[in-house]
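The sequence lines fix the lettering, A, B, ..., with proteins before strands; numbering per chain opens at 1. Small disclaimer: the values here were computed from a predicted structure and weren't measured.
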Protein chains: 2
Amino acid sequence: MRGGVVAGDCLDVLRSMPAERVDLIVTSPPYADQRASTYGGVTPDDYVAWFLPRAEQFARVLKPTGSLVINIKEKVVDGERHTYVLELILAMKKQGWLWTEEYVWHKRNCFPGKWPNRFRDAWERCLHFTREKRFKMNQDAVMVPMGDWATTRLRTLGANDVVRHDSRVGNAFGKNIANWQGRDRAYPTNVLHLATECGNKGHSAAFPHALPRWFIELFTDPGDTVLDPFAGSGTTLAAALELGRNAIGIELAPAYVTRCRQTLATAHEAAQALARAAAVTEQELISPRRGTATAKVSKDSVPL
Amino acid sequence: MRGGVVAGDCLDVLRSMPAERVDLIVTSPPYADQRASTYGGVTPDDYVAWFLPRAEQFARVLKPTGSLVINIKEKVVDGERHTYVLELILAMKKQGWLWTEEYVWHKRNCFPGKWPNRFRDAWERCLHFTREKRFKMNQDAVMVPMGDWATTRLRTLGANDVVRHDSRVGNAFGKNIANWQGRDRAYPTNVLHLATECGNKGHSAAFPHALPRWFIELFTDPGDTVLDPFAGSGTTLAAALELGRNAIGIELAPAYVTRCRQTLATAHEAAQALARAAAVTEQELISPRRGTATAKVSKDSVPL
DNA sequence: TAGCAACTTGAATCTACCG
DNA sequence: CCGGTAGATTCAAGTTGCT
């Protein structure tokens, strides 16, 4: 697996990339009027026109069986929801994209606040576009555990306690299939329950690690190539490397490019450590010692 | 409180209703290609044109401070999500509506099934439209129990601590604590977690009782008037009656009109029984007996 | 080691105020 | 009257540090 970050506007960078090279694009583009310093402050009214030529390049570099996942949410303008996301969907369909599905990311810890005419906004859209009706989708890779353990836990704990996310890199080895031998697993739904990652001072990710991770597992195989044209701090790229995928990032702001490369280096180390940890875990499964290791693994392996 | 059901197409029925009479419209309109027998099979492509003249009547009978809540979800057509809901939102804005918010109803137990290119659909839109930027909203009526954070904190915090911190000038900590004194409930978000009612509803567009109930508590006062122009089996009307609101239903299919009236009669009885129970509970609070009455009441008062 | 307590941080949104 | 910005509001999750 390899990863790299290119500095520049993805519109320009992608034009020099060969066609049909990417298996999955997962990105959280700058929202309207956000990140104004880096993207010149795209206003809501101009958003679709700004996005469309870039989407055209996404379609070109994406394999016919590939997927495009866009994490986005319209902001409130003058007391009501702006319609630029709706218009973007319609425009992208005109451009030839298939609007295959809309996943909902439920942000369990959303931004606080109180206003006279609305509540806190606790969800964002994850728009799933494809080029063809038949595309790569590994549903088994993201199955969630069910059965005795899960049932008991679900019964005794509140809904809030059931959902955990793997904010840390280290617990990904919980994905080990062997841990779920003899247990039933169920397919997830199109609603993802994840908390935003906070607390990392000045290093907060736009979206939680587990979000791109889930889509990468779902829509790619190991060895495939993942692209994030608005790489930001590199959350998507890190997740891709950890999962043994190739990662390509494009980022306009120099500060983010630097940070992105740091993230990639860390992710590469983590991935190697992960491989070692997985080997150890496997050994313990053969001749288990006393301890809570198994329980811990089970607990952490329910990211969704 | 009074309730009634009118047989007919809401387009015709509403034309004979006086203007600005209704405080809230909560409805789950027939989805495209659903209930084809009753509404003549509106196809997805014709949906907006079919809906708009009815929305025009909604605007006419609604008070300026009123709200319109539409529970809807686009169906999958030919492998992708159809865009008629997006187009409907854009068209209703052109008609003069304000698209104030989009709530998400997360269906905890969604319809089972497996498809090659998507997961089970576990969410629906609850589109909130208003005529004016200022509208009636009783946020306190739908507050939910708070998370552990404040609970544990307030429990262990003595009165001395509050006073001590509060006395310091410019101490944000003390200020915040003062605000949270005695607060055990928080405002909800725009994501509603409700299980679908698995009872044998013959009605295809039935939504859970708690969904209209939540919006009725949020957007109306007791004595206000709630309208459901696609009354179906009468879920919205029953919730309105139970909450002491007037309920007006319109339903085209004769079979559903009959059923709707049965629902209303039952709801009326239930509301009266509820009133008696509340009186009993009040008495018990003064001199409580052993039993579960009190617990039951508090449990039922937290539908979400 | 586990548990509790203190503290920090959000892709927010509205109101008030100033030029 | 428009356009921008500073202040107030608010809560779940994570992190650090102490017992």
Side-chain angles (χ1 to χ4, degrees), chain A residues 27-39 41-44 47 70-82 84-85 105-126 158-161 163-168 171 193-211 230 232-233 235 256 291-292 295-296, chain B residues 100-101 133-134 137 139-140 143-158 161 165 170-181 183-191:
Chain A
T27 193
S28 189
Y31 298 2
D33 277 346
Q34 299 292 144
R35 291 170 72 178
S37 54
T38 59
Y39 282 93
V42 183
T43 67
Y47 197 84
I70 302 176
N71 164 232
I72 197 168
K73 178 70 189 241
E74 58 270 44
K75 62 179 297 187
V76 172
V77 176
D78 206 17
E80 57 177 332
R81 290 279 165 201
H82 201 279
Y84 60 88
V85 175
W105 166 28
H106 168 42
K107 294 187 286 187
R108 294 195 50 237
N109 60 339
C110 60
F111 201 92
K114 184 184 187 303
W115 311 277
N117 52 359
R118 67 187 64 256
F119 288 132
R120 292 171 290 147
D121 189 7
W123 67 283
E124 296 192 7
R125 308 174 193 276
C126 292
N160 285 350
D161 300 317
V163 180
R164 290 181 58 95
H165 73 95
D166 48 353
S167 64
R168 295 235 147 216
N171 59 16
H193 299 268
L194 299 171
T196 56
E197 285 161 5
C198 56
N200 285 357
K201 185 182 286 184
H203 229 270
S204 62
F207 49 15
H209 190 81
L211 193 65
F230 307 101
S233 53
T235 309
Y256 276 110
T292 57
K296 264 194 171 174
Chain B
T100 299
E101 180 59 304
K133 280 176 191 167
R134 294 291 162 174
M137 188 176 194
Q139 299 194 352
D140 291 347
M143 291 184 84
V144 293
M146 224 179 182
D148 299 338
W149 187 86
T151 309
T152 53
R153 180 166 180 163
L154 287 172
R155 192 170 48 212
T156 53
L157 204 61
D161 298 318
H165 284 98
N171 191 318
F173 175 74
K175 187 183 172 189
N176 283 341
I177 284 297
N179 283 345
W180 280 325
Q181 269 294 311
R183 181 184 301 184
D184 54 346
R185 322 197 97 203
Y187 293 104
T189 70
N190 58 359
V191 176

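- Summarising the geometry, atom CD1 belonging to A/Ile72 is positioned 12.0 Å from atom CZ belonging to A/Phe207; distances are rounded to the nearest 0.5 Å.
- Atom pair A/His106:NE2 and D/dA13:C1' shows a separation of 13 Å (rounding to whole Å applied).
- Salt bridge status for B/Glu101 with A/Arg118: present, with a side-chain N to carboxylate O gap under 4.0 Å.
- Within the cation-pi definition used here (under 6.0 Å to the ring centroid, within 45° of the axis), A/Lys73 does not qualify as a partner of A/Tyr31.
- To the nearest angstrom, P of C/dA11 lies 14 Å from CG of A/Leu194.
- One atom, OH of B/Tyr187, and another, P of D/dA12, lie 13 Å apart when rounded to the nearest Å.
- How far CG of A/Leu194 is from NE2 of A/His209: 11.5 Å, rounded to the nearest 0.5 Å.
- Applying the 4.0 Å criterion to OP1 and OP2 of D/dC11, one finds that A/Arg120 has every side-chain N and O outside that range.
- With salt bridges taken as basic N to acidic carboxylate O contacts below 4.0 Å, one links A/Asp78 and B/Lys133.
- Side chain of A/Arg108 to main chain of A/Ala122: no donor-acceptor pair is present (N/O by atom type, distance under 3.5 Å, no hydrogens or angles).
- Within the model, atoms OG1 of B/Thr189 and CH2 of A/Trp123 stand 11.5 Å from one another, a figure rounded to the nearest 0.5 Å.
- Side-chain atoms of B/Asn190 do not come within 3.5 Å of backbone N or O of A/Phe119 as any donor-acceptor pair.
- What separates CG of A/Asn109 from P of D/dC11 is a distance of 14 Å, to the nearest Å.
- The CZ-P distance, from A/Phe111 to D/dA13, rounds to 16 Å in whole Å.
- What separates NZ of A/Lys107 from P of D/dC11 is a distance of 16 Å, to the nearest Å.
- No hydrogens or angles considered: nothing links the side chains of A/Tyr47 and A/Glu74 as a donor-acceptor pair under 3.5 Å.
- Between the side chain of A/Thr196 and the base of D/dA12, no donor-acceptor pair of N or O atoms lies under 3.5 Å.
- Paired regions of DNA chain D, where each region holds three or more successive Watson-Crick or G-U pairs whose two hydrogen-bonding distances fall under 3.5 Å, are C:2-10 with D:11-19, C:12-19 with D:2-9.
- C/dA11 has A/Tyr31 stacked on its base ring, the centres lying under 5.5 angstrom apart and the planes within 30 degrees of parallel.
- Taking atom CG of B/Asp140 as the reference point, atom P of D/dT10 lies 11 Å away to the nearest angstrom.
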With sugar-phosphate taken as primed atoms, P, OP1 and OP2 and all else as base, the protein-contact string of nucleotides 13-19 of chain C at under 4.0 Å (heavy atoms; B, S, -) is BSS----
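- Note: OH (A/Tyr256) to P (C/dA11) measures 10 Å, nearest angstrom.
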